[in-house]
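The structure displayed is predicted, hence computed values, not measured ones. Sequence lines set the chain letters: A, B, ... in the order given, protein chains first and strands last, and positions in each chain run from 1.
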Amino acid sequence: MPPGSVAEALRVQDKLRPLVDLAGPGPTAPATVAGLDVAYAESGDRLAAAVTVLDARTLAVVDSAVTVGRPAFDYVPGLFAFRELPALLDALDRLTVRPDLLVCDGHGLAHPRRFGLACHLGVVTGLPAIGVGKTPLVGEWDEPGPRRGGWSPLRDGGEVVGRVLRTRDGVKPVFVSVGHRMSLANAADRVLALTPRYRLPETTRTADRLCRDVLAAASG
DNA sequence: GCGACAG
DNA sequence: ATCTTGTCGC
């Protein structure tokens, strides 16, 4: 069951944070990679969580699952995972295959307490996981090189918590961080392998499309 | 005290 | 997250 208060959510993070596996490097040639994303109704009281599993080599979708439900927690920066986690886990349970890597829409270690959504999902599922955020939550960085592959370290409190990575020439960079059972360098490599054409990973894009479609269909 | 603040 | 008009570029 979801936490009933901010204080309780913080205690949950404190308890789970030590379980994050930072040994890495994690799979460098995964067979399948999963993307997870959530779409919200305008009213904000309903959501659809989607997981798509892609063949890591062809990027074709080989499995997927969706769940319609309600946000499990108010949106609080730093406690974002509690909002979407139940629905995402429900969707993951409906998959027929076990993906080799989870690519989450949000941060992993690039979090005020080093336990963002990607860490949380990784610990709970036991699967290797990384976070790919579109905007920063914590940290400082220098502008990465302008071409695809350019990157710079994301630093916070004296430590490197992620990488600011340019996935396409001339586009805004994304924020990559480790979630669970992955090294940062491998995480960045996996993201580049998932962005042959667009700024965001194909995993994120396919999951985004799926949950939006389902939400629209469920709305009428 | 004030601003910042994943999605 | 979601709403929202026009605009630039392939």
If the test is side-chain contact (heavy atoms from CB on, under 4.5 Å), which one of A:Val176, A:Thr195, A:Leu200 qualifies with A:Thr167?
A:Thr195
Gap separating the CG atom of A:Leu117 from the CG atom of A:Leu85, nearest 0.5 angstrom
6.5 Å
What's A:Arg212 touching, base or sugar-phosphate or nothing? Going by heavy atoms closer than 4.0 Å.
sugar-phosphate
Check whether the side chains of A:Thr206 and A:Thr52 place a donor and an acceptor atom closer than 3.5 Å, and report yes or no.
yes
Before you tell me yes or no, could you show the steps for A:Val103 and A:Val33 under side-chain contact (heavy atoms from CB on, under 4.5 Å), namely the whole-Å CA-CA distance, both residues' side-chain angles and the distance that decides it to 0.1 Å?
CA-CA 7 Å; A:Val103 178; A:Val33 187; 3.5 Å; yes
So does A:Gly126 get a backbone contact from the side chain of A:Arg181, meaning a donor-acceptor N/O pair under 3.5 Å?
yes
Base contacts versus sugar-phosphate-only contacts with protein, heavy atoms under 4.0 Å: please encode nucleotides 1-7 of chain B as B, S and - from 5' to 3'.
----BBB
Determine which bases of DNA chain B form Watson-Crick or G-U wobble pairs with both distances under 3.5 Å, and write the result as a 5' to 3' dot-bracket string with | for other-strand partners.
.......
Under 3.5 Å, side chain of A:His180 to main-chain N/O of A:His120, donor-acceptor pair present?
no
Tell me what A:Ala39 touches on the nucleic acid: a base, only sugar-phosphate, or nothing, going by heavy atoms under 4.0 Å.
sugar-phosphate
Side-chain donor-acceptor pair under 3.5 Å between A:Tyr40 and A:Glu84, yes or no?
yes
Testing the 3.5 Å rule here: is there a donor-acceptor pair between the side chains of A:Thr96 and A:Asp63?
yes
